[in-house]
There are 2 protein chains.
Amino acid sequence: MSGIEDVASLAGVSKATVSRALSGRGYVSSETRTRVTEAAQSLGYVVSSSASSLVTGRTSNVGVIIPVINQWFFGSIIEGVERALLDRGYDLMLYNLTKSHAERTRVFEYFLVRKRVDAVIAVTLEITPEEAEQLLALGKPIAGIGGPLAGIPTLGIDDVEAARLATEHLLLLGHRDIMHVGGDLDEQMDFHVHTKRLKGYLQALEAAGIRYDEKSFVPTHFDIPGGYRAGKQILGDPRRRPTAIFAAADEVAIGIILAARELGLSVPEDLSVIGIDNHPLAEMFGLTSIEQRPDEQGELAVDWVIRQLEEPGWMPPTEHAYLPATLIIRSSTGRPRRTS
Amino acid sequence: MSGIEDVASLAGVSKATVSRALSGRGYVSSETRTRVTEAAQSLGYVVSSSASSLVTGRTSNVGVIIPVINQWFFGSIIEGVERALLDRGYDLMLYNLTKSHAERTRVFEYFLVRKRVDAVIAVTLEITPEEAEQLLALGKPIAGIGGPLAGIPTLGIDDVEAARLATEHLLLLGHRDIMHVGGDLDEQMDFHVHTKRLKGYLQALEAAGIRYDEKSFVPTHFDIPGGYRAGKQILGDPRRRPTAIFAAADEVAIGIILAARELGLSVPEDLSVIGIDNHPLAEMFGLTSIEQRPDEQGELAVDWVIRQLEEPGWMPPTEHAYLPATLIIRSSTGRPRRTS
DNA sequence: TAGGATTGTGGAAGCGTTTGCAGGCGTATG
DNA sequence: CATACGCCTGCAAACGCTTCCACAATCCTA
């Protein structure tokens with residue numbers, strides 16, 4: 001492994017000049033620059049990032065804290081974040097905080113603090129006030145996907161609004177008997193997504209003058225099997241069968257559609273189903289959905305933290321940015337067959 | 001931010017002793033150790049990893065190169081790797097190499113080399129000889145998931161064997177007319193998985209004395225929609241309908257099942273379907289499958305590289321470790337209705 | 001043509017750790 | 001009682017860069 005010294009002597013300049021030539025900071029004549037570059041090239045020299053971050057105080061790393069990896073929403077965020085970071089010359093340190101509280105503490109108190117990252121992106125992190133405190137105390141740019149969360153800049157779709165949009169679509173089609181299958185309110189892993197989507201649903205119902213029957217909300221797991229089970233349960237009893245279901249996520253919606261099919265119900269003739277996400281599978285199932293783009297959310301979060309890093313004094317435009325969530329109509333929703 | 005100096009003076013010892021006390025290397029009386037620990041605690045001191053890696057030459061980072069994130073197999077690997085790394089006190093730097101060749105080169109030549117990682121785990125990476133060369137030239141432990149790949153230690157299931165197992169299961173049930181829906185041979189993203197699974201299928205057919213008709217292999221995308229399209233195409237024509245299909249991945253198999261249902265065929269009465277993976281959705285669809293555990297593959301890869309790092313001279317037991325892939329029988333496979 | 005601004009380069013001082021070496025002390029060994 | 005050895009600690013030298021400062025040379029501009 002050759003050091004900067006070797007490059008310097010091969011190029012016939014000082015270490016200082018090599019550093020300037022390679023980093024592009026400060027004045028270097030273009031002639032020396034090429035000489036240095038060639039010398040570095042021929043020696044296979046690359047700067048030691050530990051040495052350079054020791055003096056500059058920057059690591060070129062961004063930490064990403066995420067509760068799950070293997071789910072479309074979260075995977076897409078990571079992809080977006082990774083892409084954006086790599087584009088700007090930063091590396092991504094991944095922390096999966098799905099597990100024990102012990103590990104969580106360790107990540108917070110130890111890893112993140114240990115001068116290893118320049119900034120932090122926290123994804124739908126149910127964060128305690130102390131933890132938020134800690135993050136802020138790092139003095140490093142932070143962005144949250146999800147939220148809003150007091151004190152740290154966050155971004156994401158407006159979950160209440162998205163849920164209302166979805167429910168309103170069903171109402172507009174003439175449905176009056178609409179159930180909501182959402183996440184379990186007790187096992188919130190994030191910024192109360194489940195509660196918010198339920199809220200949007202309730203708001204829409206109320207605006208339409210429909211009385212809410214608490215049996216109309218069915219909590220389940222946020223995946224296809226969860227939707228399937230809920231669907232089987234709801235649709236199994238013909239007397240208590242709604243004309244439409246608003247599922248809090250596309251995967252849940254798809255599970256419901258599968259359950260409906262199995263019970264011999266046609267969608268949308270016997271049952272309209274709408275979800276949120278515009279999941280890659282939505283198209284195949286003809287699922288009407290509210291689109292959101294987690295990869296773009298990741299990119300925006302990166303933009304926020306990197307700009308704070310590179311443009312001193314820059315701040316995210318708002319405490320919380322509400323991203324667009326638009327209705328995509330497919331074939332899983334239609335007018336109700338029987339009007340109640 | 002307080003440095004080691006502050007801790008030293010607060011504890012009334014030298015920097016050297018603080019370093020030894022905190023790192024656990026060298027002799028330190030237990031009394032001073034606690035004094036130092038408390039001092040560090042009260043000052044909120046954490047060592048600067050750049051400073052320490054500058055002198056030790058280790059970063060406590062492991063780089064993971066992976067072509068996709070948002071797919072069950074790959075997501076699970078990342079989860080396994082992350083868990084194992086964090087357990088051992090290492091951090092994970094994620095490189096998603098799905099994109100342009102330019103970016104690929106950049107990662108190889110720049111990021112990985114730049115003294116940023118102690119070891120590399122490459123997941124199903126279609127790697128050129130020069131790239132393998134480069135990786136080895138780093139002089140850092142490397143493990144590949146997938147393979148085998150000459151020169152670097154790899155691990156994974158035996159794809160040929162898994163495919164044969166799957167096909168044999170169908171043969172054993174009495175099927176003679178078995179089609180294979182696999183990946184597109186031209187768009188291999190990895191260690192020729194598609195070719196291998198096709199090969200295992202052919203081997204099983206041959207051993208059973210069944211002549212292979214090249215129309216019996218249908219390539220498609222490796223996901224549910226891909227399987228669905230292939231299924232529609234294959235099953236749409238009643239005259240050319242097999243009694244069983246071996247899908248190269250569970251997601252493809254699920255797509256086929258959905259297509260079959262839509263065409264009014266029952267599984268397994270009219271059509272048996274088997275896949276590979278034991279994907280989380282397999283159970284819901286009653287899908288018979290060959291199980292593999294990507295998360296465990298990730299853990300093993302971590303074990304390999306970390307042991308090389310921490311036990312000088314240690315080497316992975318073999319060039320390539322074949323992990324178990326076991327048949328899980330569910331309800332998507334059964335005896336053929338009509339014997340051909 | 002003088003003087004300031006701009007450009008280009010080198011010397012040297014760190015950045016915050018780890019670790020080799022040396023020395024001091026206490027205890028076991030001959 | 002002298003010697004050896006194990007334990008504990010401090011000093012100071014790296015580790016490989018970046019950047020401040022000084023200085024020189026060149027270029028404008030008045």
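Reckoned from all heavy atoms, side chains included, excluding hydrogens, waters and symmetry mates.
Rounded to 10°, the angle separating the first-five-pair axis and the last-five-pair axis of the helix from dT1(C)-dA30(D) to dG30(C)-dC1(D) equals 30°.
Here Ser9(B) pairs with nothing under the side-chain hydrogen bond (donor to acceptor under 3.5 Å, both in side chains) rule; sequence neighbours left out. With sequence neighbours excluded, the residues that form a side-chain hydrogen bond (donor to acceptor under 3.5 Å, both in side chains) with Thr17(A) are Ser14(A). The side-chain hydrogen bond (donor to acceptor under 3.5 Å, both in side chains) test applied to Asn61(A) returns no partner, not counting sequence neighbours. Contacts of Ser50(A) classified as side-chain contact (heavy atoms from CB on, under 4.5 Å), with partners at least two apart in sequence or in another chain: Ser48(A), Ser53(B), Leu54(B). Annotation: salt bridge (charged side-chain N to carboxylate O under 4.0 Å, His left out) contacts of Arg293(B) (sequence neighbours excluded): Asp295(B), Glu296(B). Arg88(B) pairs by the side-chain hydrogen bond (donor to acceptor under 3.5 Å, both in side chains) definition with Asp303(B), not counting sequence neighbours.
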Would you give me the side-chain donor-acceptor pairs under 3.5 Å for residues 144-151 of chain A, sequence neighbours excluded?
none

Going by atom type alone, with no hydrogens or angles, which donor-acceptor pairs under 3.5 Å involve a side-chain atom of residues 21-28 of chain A and a protein atom two or more places apart or on another chain?
unit_1, atom_1, unit_2, atom_2, d
Ser23(A), OG, Ser19(A), O, 2.9
Ser23(A), OG, Arg25(A), N, 3.3

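On the nucleic acid side, DNA chain D has its first and last nucleotide under 4.0 Å of a heavy atom of chain B at dC7(D) to dG16(D), going 5' to 3'.
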Margin query: Return a single string for nucleotides 9-16 of chain C, one symbol per nucleotide in 5' to 3' order, where B is base contact, S is sugar-phosphate-only contact and - is none, cutoff 4.0 angstrom on heavy atoms.
Written below: BBB--BBB
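The minimum heavy-atom distance between Glu82(B) and Leu94(A), with the atom names listed, is OE2-O, 3.4 Å.
Sorted by first and then second residue, the side-chain hydrogen bond (donor to acceptor under 3.5 Å, both in side chains) pairs with a member in residues 311-321 of chain B read Thr154(B)-His320(B), Arg307(B)-Glu311(B); sequence neighbours excluded.
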